[in-house]
Protein chains: 2
Amino acid sequence: MTKRAPKSIVKRLPIYLRVLDGLISREVEIVSSRVLSEETGFTAEQIRKDFAYFGAFGTRGTGYNTEYLRSKLLRIIGLDRQTKLVVVGAGLLGKALTRYNMLKNPYVDVAGIFDANPAEAGSEIGSLKIRPMKDMPAVIKEQQVKVAMISVPAESAQQVVNDLVDNGITAILNFAPTKLKVPQNIHVHNADLTNELQSLIYYVIEDKEELRSNSK
Amino acid sequence: MTKRAPKSIVKRLPIYLRVLDGLISREVEIVSSRVLSEETGFTAEQIRKDFAYFGAFGTRGTGYNTEYLRSKLLRIIGLDRQTKLVVVGAGLLGKALTRYNMLKNPYVDVAGIFDANPAEAGSEIGSLKIRPMKDMPAVIKEQQVKVAMISVPAESAQQVVNDLVDNGITAILNFAPTKLKVPQNIHVHNADLTNELQSLIYYVIEDKEELRSNSK
DNA sequence: CTGCCTATGTTATTATATTAACAAGGTCGT
DNA sequence: ACGACCTTGTTAATATAATAACATAGGCAG
């Protein structure tokens, strides 16, 4: 059994990847942890430690070869092969997510987008047709899709997740504002935009601050 | 100077709030940390510790009064007064975010949505008109808006943020896939959906796992 | 009013994550 | 080929967060 990397590191890997993509497109061949620090906002020490967790990717005195490091990160994250995913819920958010990933995320393939509302079914996002929910199991099984994004109302989220898991989905990005119950081996990432906004509001500088902090 | 609560706690506060809203709408008057644990997925100990950080809100032997706890959380997060916000970038994502918050987030008020593309300006989201970027400073200043959500392309994000900060914004929820440079007193939360998806992919169960973990 | 029960709030322990210090391995000029 | 310099990779120290253990206070029955 392979050991998973600490969550804190995994969270940063895609950010390294994006910065590397930028450097490579500007034809930068070597990059130091200090430069990566400027680009990412993380400290150089932390960056070196993150990479070191997976092995020694750099050359001392010089830095990291951008192409090589990128290939390693792709492999580590699991983006060295195209990842198929389905989107459930074709409201505005679902459409936005689908189109964004089709256009801008070269590492993933949207295998299908589904909606419970028959009125939505048939309309298109780019070249992709929105399909009725009943088509979902076949698509997941035939294409062996493992990843799903769900952007349905909170009320229907749990039922949707149950169906997804039953059909073989093992990783879920959940935009519905609700806690999902799933078997232990299924991974759920919550991307609740309301929560993000509300916790941000905590940090807004206000004039009166009585109860907002520990007063002991 | 008041001390800010640990980030880890702040992140959970909106989740407690949502669960409480649900309980109150079902007319539950008292709730224990154990029940909250079931609803949120956090441990009961952690929940008690989180609340205790801000004071003693429960009654021993009984639990927490839902209404009272809710009012405390609202005050702590800063949602006891309506929060105004602006949205910059009226692409599909910007529209989705705006409409969602107008309909489903009772604690915030969308003061305006802006887009650089004149073609978008004039079209409506609910009763709210998309306005050209040049109107943005006046709206922020006149309504003293402190919070902004940005969903513009990565290339223009930094310029937009500079403008926002110049006009008085102090907290930013950033959906653009780029690292923003801001003064120290400005808070940025990154909600990069590509990152979320990619780090989720790390956890997809694959057949072959060679380099994906520390092999020392 | 007394004692048992329950759930909170606090203190202690452990685990995780970040920061800092340093040693080791390359490069490059001379 | 040698030495100064640079940047990585590793080890140590600190800080933060999560878990566990426990003591405290209120409710309620008899």
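Only a predicted model underlies this, so the values are computations on that prediction, with no experimental measurement involved.
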Colleague: Find the distance Ile47(B):CD1 to dT10(C):C1' and express it as a whole number of Å.
Modeller: 17 Å

Colleague: Using atom OH of Tyr53(B) as one end and atom C1' of dT19(D) as the other, report the distance to the nearest whole Å.
Modeller: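 Roughly 19 Å, once rounded to whole Å.
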
Colleague: Regarding dT24(D), can its base be found pairing with the side chain of Arg60(B) as donor and acceptor, where the two atoms are less than 3.5 Å apart?
Modeller: yes

Colleague: If we check side-chain hydrogen bond (donor to acceptor under 3.5 Å, both in side chains) with Arg18(B), which of these qualifies: Thr178(A), Thr194(A), Asn195(A)?
Modeller: Asn195(A)

Colleague: For Phe57(A) and dG26(C), give me the distance from atom CZ to atom C1', rounded to whole Å.
Modeller: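 The distance from CZ of Phe57(A) to C1' of dG26(C) comes to 18 Å, rounded to the nearest Å.
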
Colleague: Starting from C1' on dT11(C), measure out to CD on Glu45(B) and report it in whole angstrom.
Modeller: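 To the nearest whole Å, that distance equals 14 Å.
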
Colleague: For the residue pair Tyr16(B) / Asp50(B), report whether a side-chain donor-acceptor contact shorter than 3.5 Å exists.
Modeller: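 Side-chain D/A pair, Asp50(B) to Tyr16(B): present.
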
Colleague: Does Tyr64(B) have Arg48(B) sitting over its ring (NZ/CZ under 6.0 Å from centre, angle to axis within 45°)?
Modeller: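 Not satisfied by the 6.0 Å and 45° rule.
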
Colleague: Closest approach to the side chain of Thr62(B), judged atom by atom: which nucleotide of dT8(D), dG27(D), dT19(C) is it?
Modeller: dG27(D)

Colleague: Assert yes or no for the condition that the ring centre distance of Tyr203(A) to His189(B) is strictly below 6.0 Å.
Modeller: yes

Colleague: Out of dA20(D), dA7(C), dT18(C), which has the shortest distance to the side chain of Lys49(B)?
Modeller: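 Nearest nucleotide to the side chain: dA20(D).
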
Colleague: Output the rounded distance in Å from CD1 (Ile9(B)) to P (dA17(D)).
Modeller: 8 Å

Colleague: Which of these passes side chain to side chain contact (heavy atoms under 4.5 Å, CB included) with Arg70(B): Leu17(B), Leu23(B), Asn65(B)?
Modeller: Leu17(B)

Colleague: So what does Tyr64(B) touch, heavy atoms closer than 4.0 Å: a base, only the sugar-phosphate, or nothing?
Modeller: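 The answer is sugar-phosphate, as Tyr64(B) gets under 4.0 Å only of primed atoms, P, OP1 or OP2.
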
Colleague: Atom CD1 of Ile30(B) to atom P of dT6(C): distance rounded to whole Å?
Modeller: 17 Å

Colleague: Given atom CZ of Arg4(A) and atom C1' of dA17(C), what is their separation to the nearest angstrom?
Modeller: 19 Å

Colleague: Whether Thr43(A) contacts dT18(C) is assessed here as follows: a side-chain N or O lying under 4.0 Å from the phosphate OP1 or OP2. Is that the case?
Modeller: no

Colleague: Closest-nucleotide mapping onto DNA chain D: is Phe51(A) or Arg48(B) further toward the 5' terminus? I mean the 5' end.
Modeller: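 First, find each residue's nearest nucleotide; the 5'-ward one identifies Phe51(A).
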
Colleague: Under 4.0 Å: is that the gap between some side-chain N or O of Ser32(A) and OP1 or OP2 of dT7(D)?
Modeller: no

Colleague: Taking only the side-chain heavy atoms of Ser33(A) (C-beta and beyond), determine which of dT10(C), dT8(D), dA17(D) contains the nearest atom.
Modeller: dT8(D)

Colleague: Looking at dG9(D), dA17(D), dT7(D), which one has an atom nearest to any side-chain atom of Ser8(B)?
Modeller: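 Among the listed nucleotides, the one closest to the side chain of Ser8(B) is dA17(D).
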
Colleague: In whole Å, I'd like the distance from the CD atom of Gln46(B) to the P atom of dG9(C).
Modeller: 16 Å

